[in-house]
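Heads up, the thing below is written out as structure tokens.
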Amino acid sequence: MVVAGRAGHALLALAAAGIATMPLWASHYHLQLASTALVAAMFALSLQLLVGAGGMVSLGHAAFFGIGAYAIHLLPPGLSVLATLPAAAALAGLAAAVVGALSLRTRGFFFLMTTLAFGQMLFFVFHDTPLGGGKDGVFVTRPALELFGLVLEVPRRSRPAVMLWLNLGLLVLMYAGLALLMRTLFGRALLGIRANEDRMRALGYNTRRVKLAAFVAAGMLAGVAGHMQAMTEAFVNPELLGWHRSAEGLLMILLGGLGALHGPILGAFAFIGLAEAGTLITERQRLVVGLVILAAVLALPGGLAGLRLPRRERRQPAPAAVEAARP
Amino acid sequence: MSALAAEGLTRRFGGLTAVDDVSITLAIGELHAVIGPNGAGKSTLVNLLAGELRPSAGRIWLGREEVTAWPSWRRALAGIGRSFQRSNVMRGMTVLENVRLAAQAGEFPLRRWLRPAAREHGPLRAARGALTRVGLREAEERVAGTLSHGELRLLEIAMALAMRPTVLLLDEPLAGLGPEEGERVAALLRQLARDHALLLIEHDMDVVFAVADRLTVMVEGRVLERGTPAEIRASPAVREAYLGQGA
Ligand SMILES: Nc1ncnc2c1ncn2[C@@H]1O[C@H](COP(=O)(O)OP(=O)(O)OP(=O)(O)O)[C@@H](O)[C@H]1O
Ligand SMILES: [Mg+2]
């Protein structure tokens, strides 16, 4: 998995700046839609750490997203976001530590199935017990926006804009953090493990520990995404933990490109955009989205993030691989 | 003192006993070759010593420490480096990155996980040193998956070297090399044997007799004979069972 170069980051920054100006020209509806995409991008990005970087394909990742969302419901109302956000990450990370420790005993298909089983278990905890407020979901009180002891009162009218900026800021932070992480010894080891885990063990890497750390970190980031989902919608329901959402995340990173760290962001926006366009033209929205994704994945093996690659490939074999290995 | 010692190693696969009551000691400064026909259990022996496989019976010591129950990564960190008979590398990464990952393994305690990889000059130097020794320095920017069979064999050796091991277990490092490369690697093996405990598995008898200090002949999982090259050459049992055709 590569991290985009300078030109790529300039484009991403430009896109982020464009989104940041949306409150000046877009409707409330579209601001909310953009927030939905930003949250989806955070979730997909957290999944990329697992799949694109670590080679661990999980169908239970949404459980940590959902736990992060439910954290707002479980914590006493009226807390500052500075308290609820870390708490959501910590709760999700804790769950990921337990699930990861058990499921990382397996690999490949069995890992997929184990994470699916754990994910569904957690889903049913919130679906079938009073803990989460029931299967139909509950409304939650948004955490207070407090910065340096200053409570920001957000009038109803400007809430979509504020949520958009908050989500955008967190996505940027998350992306930057992961881009830096991929440059560390840990990031290198993780890429090595994805490439050939047995060989990495033979070289002296405790691969299970590295993978568990990635699993927990990805879980925490998913928890952050889930927290922002709940804060944006002021509503949580058990579907947030369900395997459908995990599968959607996988589709987003597949669509955006497994080979690039920013792939999931493109994929999430494309996915949300497609779903939106789908509802506009037809009632069979899911079918249309499914077909478009299928076509896109078949036509673009590197996903949206790989769109430029074919031209370079002539001169330099496997550029992605070369980049991945660059110091 | 022996660097690596194994006693009564046995490994069964279902009804097949691939390694049967094998004891072996490796000492620093000595090149110990294991020969034997296909399926004799040589690679299985290496896998047992390196920790890739658990023995059905027997014990293994690294220096004074018993490592029988240690996982492979822990043995690797403690000084056992190995190469694989079937090239086993990170094919999508460059040659340099493969070797650098090998060199970095020993400098990867938890507290260093978040260090920027670009600042690790020590492993980079070690990696380049290992590549120079095997003659792959020119190819360092190439993607491992594009290497020829022979170059992959060299990369295997470079990775084992970059681990800075005290014990080197090399499973047919020369197989498939051209005559020129083969000679260079044979010379390298001699050089490495000076400050490593080296276990070499090799089919080419000319090479084995030229470089080995000691030989163990395995047949059907058991040790048939053991001794210096001269003793092995003279052994009637070995002649009959193994060298029969040409020697
Ligand atoms: N994982 C395994 N499961 C079952 N049988 C195995 C396994 N590994 C090896 N064997 C069997 O054990 C025996 C010894 O195999 P091994 O690879 O150790 O032989 P070798 O001496 O290295 O042979 P070669 O010279 O062909 O490399 C063979 O009969 C092989 O089929
Ligand atoms: Mg073998």
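Proteins get letters first, then strands, A, B, ... in listed order; numbering begins at 1 in each. On a predicted model such as this, the values are computed, not experimentally measured, just so you know.
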Original post:
Could you go step by step and tell me if A:Met200 and B:Trp73 meet the side-chain contact (heavy atoms from CB on, under 4.5 Å) rule?
Top reply: CA-CA 8 Å; A:Met200 288 292 281; B:Trp73 62 266; over 6 Å; no
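- Heavy-atom pairs under 4.5 Å with chain B were tallied for A:Thr207, A:Leu180, A:Asn196, A:Asp198; the largest tally goes to A:Asn196.
- Ranking B:Leu77, B:Leu114, B:Ile80, B:Leu101 against chain A, the residue ahead of the rest is B:Leu101, based on heavy-atom pairs under 4.5 Å.
- Neither the backbone nor the side chain of B:Glu140 comes within less than 4.5 Å of any heavy atom in chain A.
- More than 12 heavy atoms of other shown residues, nucleotides or ligands fall within 6.0 angstrom of atom CZ in B:Phe13.
- Minimum heavy-atom separation, A:Arg199 to B:Arg82: NH1-O, 3.7 Å.
- When the shell of 6.0 Å around CD of B:Glu7 is examined, it contains 12 or fewer heavy atoms from other residues, nucleotides or ligands.
- Interface residue B:Glu120: only side-chain heavy atoms are found under 4.5 Å from chain A.
- Taking a 6.0 Å sphere around CZ of B:Arg54, one finds it holds more than 12 heavy atoms contributed by other residues, nucleotides or ligands.
- Within the 4.5 Å cutoff, the side chain of B:Glu97 has no heavy atoms near those of the A:Leu191 side chain.
- Minimum heavy-atom separation, A:Val210 to B:Phe108: CG2-CE2, 3.7 Å.
- Qualifying ring-ring contact (aromatic ring centres under 6.0 Å, His included) partners for A:Phe215, counting only residues two or more places apart in sequence or in other chains: A:Phe64.
- When all heavy atoms of A:Ala202 and B:Glu52 are compared, the closest pair comes out as CB-OE2, 3.8 Å.
- Heavy-atom pairs under 4.5 Å with chain A were tallied for B:Ala105, B:Pro123, B:Pro71; the largest tally goes to B:Ala105.
- Looking at every heavy atom in both residues, B:Ala102 comes nearest to A:Leu203 through CB-CD2, 3.6 Å.
- Counted within 6.0 Å of CZ on B:Arg112, heavy atoms from surrounding residues, nucleotides or ligands total more than 12; the atom is thus considered enclosed.
- For B:Ala50, no part lies under 4.5 angstrom from a heavy atom of chain A.
- One distance of note links CE of B:Met90 with CD1 of A:Ile193; it measures 9.5 Å at 0.5 Å rounding.
- When the candidates A:Arg209, A:Arg201, A:Arg183 are compared by the number of heavy-atom contacts under 4.5 Å with chain B, A:Arg201 comes out ahead.
- Note that CZ of A:Arg188 and CE of B:Met93 are 7.5 Å apart. Values are rounded to the nearest 0.5 Å.
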